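What you see is a predicted model, and the numbers here were worked out from it, not measured in a lab.
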Amino acid sequence: MDLMPLEAKLGAKAVVADSSGMDRYVRDLMDTQSSSPLAVLRPASTEDVATAVQWCRQQGLAIVPQGGLTGLCSAAVPMNGEAAVILSLDRMKTIRDIDPLDNTMTVDAGVVLADVRAAAENADRYFPLSHGAQGSSLIGGNLSTNCGGNNAIRYGVARDQVLGLEAVLPDGTIWNGLRRLRKNTAGYDVKQLLIGAEGTLGVITGAVLKLRPYPHNRVTALVAVQSPEAALSLLRDLETHVGETISAFELIPEVAVSFALTMDNARYPLDAMHDWNLLIEAETPARAFELETALEAGLASAMENGLVEDAVIARSAAQRDAFWFLREAVATYFVEDTSCLKSDTAVPVSRVPQFIANTVAALADNLPGVRTAPFGHLGDGNIHVNVVRPADMDAAEFIPHREALSRVIEVEALKLGGTISAEHGIGRLKRDHFLGIVDPVERNLMNRLKAAIDRDKIMNPGVIL
Ligand SMILES: Cc1cc2nc3c(=O)[nH]c(=O)nc-3n(C[C@H](O)[C@H](O)[C@H](O)COP(=O)(O)OP(=O)(O)OC[C@H]3O[C@@H](n4cnc5c(N)ncnc54)[C@H](O)[C@@H]3O)c2cc1C
């Protein structure tokens, strides 16, 4: 393939075709076995993305858009040997504008999530999307996966943080939808179609993000409870004390704590280990509200009622960081143990306790000795049931079991009115199962949308559909 004409248009930095240069773009955190792309394209502007997409279309090449490669569904690298290029957004890192009156930030798609958050904070504003890979995932990837993260209970998921979008469509045209409107009912909401599409409908190149006042008033607690039922009752109880300020309500079972404690610098702050733990955070920009007092009162009354076994409130930023470090060490442990089965189910919040009990029992029946850690975003009903191999089984022996164990978890979620993917997406990993369970009317609609927008089927083929 002659890449010289494209290089002449985009510049030498934008076209990488040697295997050592492409190396860091072909492997994601899931260790997905990528097939070799023909090239990695790294355009520096929206116009250059459009030029690259037009060129790929003329050449009949598939395009795999790529952000920070932290996605957990094998969707950001080509597979199956198709003639494909990777289109990385990693050179598009400009924060184009912050408007404190509109409360908006306009960004390129390649800005790292942590940098979006930091820029907002520097302007005394808040961008609430937050998760364990925020130091390396890019905002375009976050929007394309419609990621959720730790604060969705209060602020919603990625799609709730967007007012406007800019994208290059599969035919190479640029769609400029960078509106700052809080209200807009003029026609279909096109941006919401591209958000969560995992790169199958176009390349997101920019976005207008919604900012909020910075929540200077914040309290964080590590709380031990007897059971997931008690955790759920506690959530509803605490809301009567602190209102709608609860911004994180993360479930961490003992087994997950024990995995996290194998990571450097992780510490468990309570005196004795408990079966079920919660990281609870409440925050508000309203400085006059006695948030800490209100949360303390809520926890004290829950302790009297027997809902809470023990609790500690972070009294310093360092303590808060340590609590969050423990929470994120759980996620990091499961990513680093590449043999571990990761899942991303959600059920209605009220069904979480039943879901956990049923799933843990069904997994033990399927493979005795598995170490099951149901953890995560209890406040959203989004429990990651991650499964570590039995202590006496090696990784190679365990890996063939993962498929069946995944089905066990997903079947239990579906029985309770849940979903097989709450925040990670479908990608290539879950495609076949998704297609097996999706409502036929919905599937047909999705196929027709895809065919209408991506007529040449060049955008991330094999992902979702
Ligand atoms: C330790 C850890 C913790 C995590 N915690 C959470 C969590 O709490 N909640 C959560 O939701 N996720 C979590 N994730 C998953 C992951 O971080 C998110 O899915 C993230 O949104 C992916 O962003 P990325 O930039 O890495 O995208 P990539 O992995 O590079 O790509 C993901 C998908 O988006 C597409 N894509 C990327 N950029 C674009 C673009 N500009 N235009 C069109 N398509 C594009 C790709 O083709 C692919 O389909 C975690 C991951 C790790 C490793």
Side-chain angles (χ1 to χ4, degrees), residues 130-135 149-151 153 218-235 237-238 246-283 292 295-296 298-300 302-337 340-343 352-353 356-357 360 370-380 382-391:
S130 160
H131 60 72
Q134 66 194 31
N150 301 327
N151 298 137
I153 181 176
R218 180 181 275 150
V219 195
T220 312
L222 206 292
V223 177
V225 290
Q226 216 170 49
S227 62
E229 285 84 353
L232 191 50
S233 300
L234 177 65
L235 172 61
D237 251 36
L238 285 179
I246 294 173
S247 53
F249 201 84
E250 298 284 302
L251 182 71
I252 318 174
E254 181 186 355
V255 58
V257 173
S258 69
F259 290 134
L261 290 178
T262 65
M263 313 284 288
D264 283 348
N265 302 320
R267 279 191 319 103
Y268 182 65
L270 298 175
D271 291 338
M273 190 65 91
H274 293 261
D275 289 350
W276 298 96
N277 304 275
L278 293 163
L279 194 163
I280 302 175
E281 193 155 84
E283 60 190 23
E292 187 163 331
L295 187 72
E296 264 174 355
L299 289 173
M303 229 173 224
E304 273 171 30
N305 299 337
L307 277 184
V308 165
E309 294 181 335
D310 198 3
V312 55
I313 290 186
R315 301 294 179 193
S316 66
Q319 255 185 323
R320 172 184 184 252
D321 290 349
F323 293 1
W324 273 109
F325 188 88
L326 180 72
R327 160 64 184 87
E328 293 307 349
V330 174
T332 309
Y333 179 91
F334 292 131
V335 171
E336 290 188 3
D337 175 359
C340 152
L341 167 64
K342 294 162 247 314
S343 81
V352 166
I356 291 176
V360 170
V370 283
R371 290 167 289 171
T372 301
F375 84 103
H377 319 300
L378 173 62
D380 311 317
N382 175 200
I383 298 295
H384 300 292
V385 181
N386 287 1
V387 186
V388 174
R389 62 184 186 273

Subject >> Contacts of Y268 that satisfy ring-ring contact (aromatic ring centres under 6.0 Å, His included) - sequence neighbours left out >> reply: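 Residues passing ring-ring contact (aromatic ring centres under 6.0 Å, His included) with Y268: none at all.
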With heavy-atom distances below 4.5 Å as the criterion, would you say the side chains of [X] and [Y] are in contact?
| X | Y | result |
| --- | --- | --- |
| F259 | N386 | no |
| M303 | E309 | no |
| V219 | E283 | no |
| P253 | P374 | yes |
| L299 | I313 | yes |
| V223 | N277 | no |
| L295 | L238 | yes |
| L251 | F375 | no |

**OP:** Determine, stepwise, if the pair M263 / T332 fulfils side chain to side chain contact (heavy atoms under 4.5 Å, CB included).
**Re:** CA-CA 9 Å; M263 313 284 288; T332 309; 3.7 Å; yes
Original post:
How are the rings of H377 and H384 set to each other: parallel, tilted or perpendicular (split at 30° and 60°)?
Top reply: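 H377 and H384: perpendicular rings.
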**OP:** Please check if the side chain of R371 supplies one atom and the backbone of R389 the other of a donor-acceptor pair under 3.5 Å.
**Re:**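 Checked: pair present.
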Original post:
Do any N or O atoms from the side chain of S343 and from the backbone of V385 form a donor-acceptor pair under 3.5 angstrom?
Top reply: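 Pair found, side chain donor or acceptor close to backbone of V385.
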Approximate separation, where rounding is to 0.5 Å, of [X] [atom1] and [Y] [atom2]:
| X | Y | atom1 | atom2 | result |
| --- | --- | --- | --- | --- |
| L378 | L235 | CG | CG | 6.5 Å |
| R327 | T220 | CZ | OG1 | 13.5 Å |
| D321 | W324 | CG | CH2 | 11.0 Å |
| N150 | S130 | CG | OG | 4.5 Å |
| S258 | M273 | OG | CE | 6.5 Å |
| I252 | H274 | CD1 | NE2 | 13.0 Å |

Over all heavy atoms of both residues, which pair between [X] and [Y] is shortest? Give the atoms and the distance, please.
| X | Y | answer |
| --- | --- | --- |
| A266 | A260 | CB-O, 3.3 Å |
| S227 | W276 | CA-CD1, 3.6 Å |
| A256 | A373 | CB-CB, 4.2 Å |
| A230 | Q226 | CB-N, 4.3 Å |

Subject >> Worked check of side chain to side chain contact (heavy atoms under 4.5 Å, CB included) between L270 and L222 >> reply: CA-CA 8 Å; L270 298 175; L222 206 292; 4.0 Å; yes
Subject >> Residues forming a side-chain contact (heavy atoms from CB on, under 4.5 Å) with T262, sequence neighbours excluded >> reply: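 Listed in chain order: Y333.
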**OP:** For the pair R315 and E296, find out whether any cationic side-chain nitrogen is under 4.0 Å from an anionic carboxylate oxygen.
**Re:**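 Looking at E296 together with R315, the answer is yes, because their closest N to O distance falls below 4.0 Å.
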**OP:** Just do the side chain to side chain contact (heavy atoms under 4.5 Å, CB included) check on F249 and L279 with the steps written out, would you?
**Re:** CA-CA 6 Å; F249 201 84; L279 194 163; over 6 Å; no
**OP:** Run the numbers on L261 and L326 for side chain to side chain contact (heavy atoms under 4.5 Å, CB included), then give the verdict.
**Re:** CA-CA 8 Å; L261 290 178; L326 180 72; 4.0 Å; yes
**OP:** Output, in order, the C-alpha distance, side-chain angles, deciding distance and verdict of salt bridge (charged side-chain N to carboxylate O under 4.0 Å, His left out) for R320 and E281.
**Re:** CA-CA 9 Å; R320 172 184 184 252; E281 193 155 84; 2.7 Å; yes
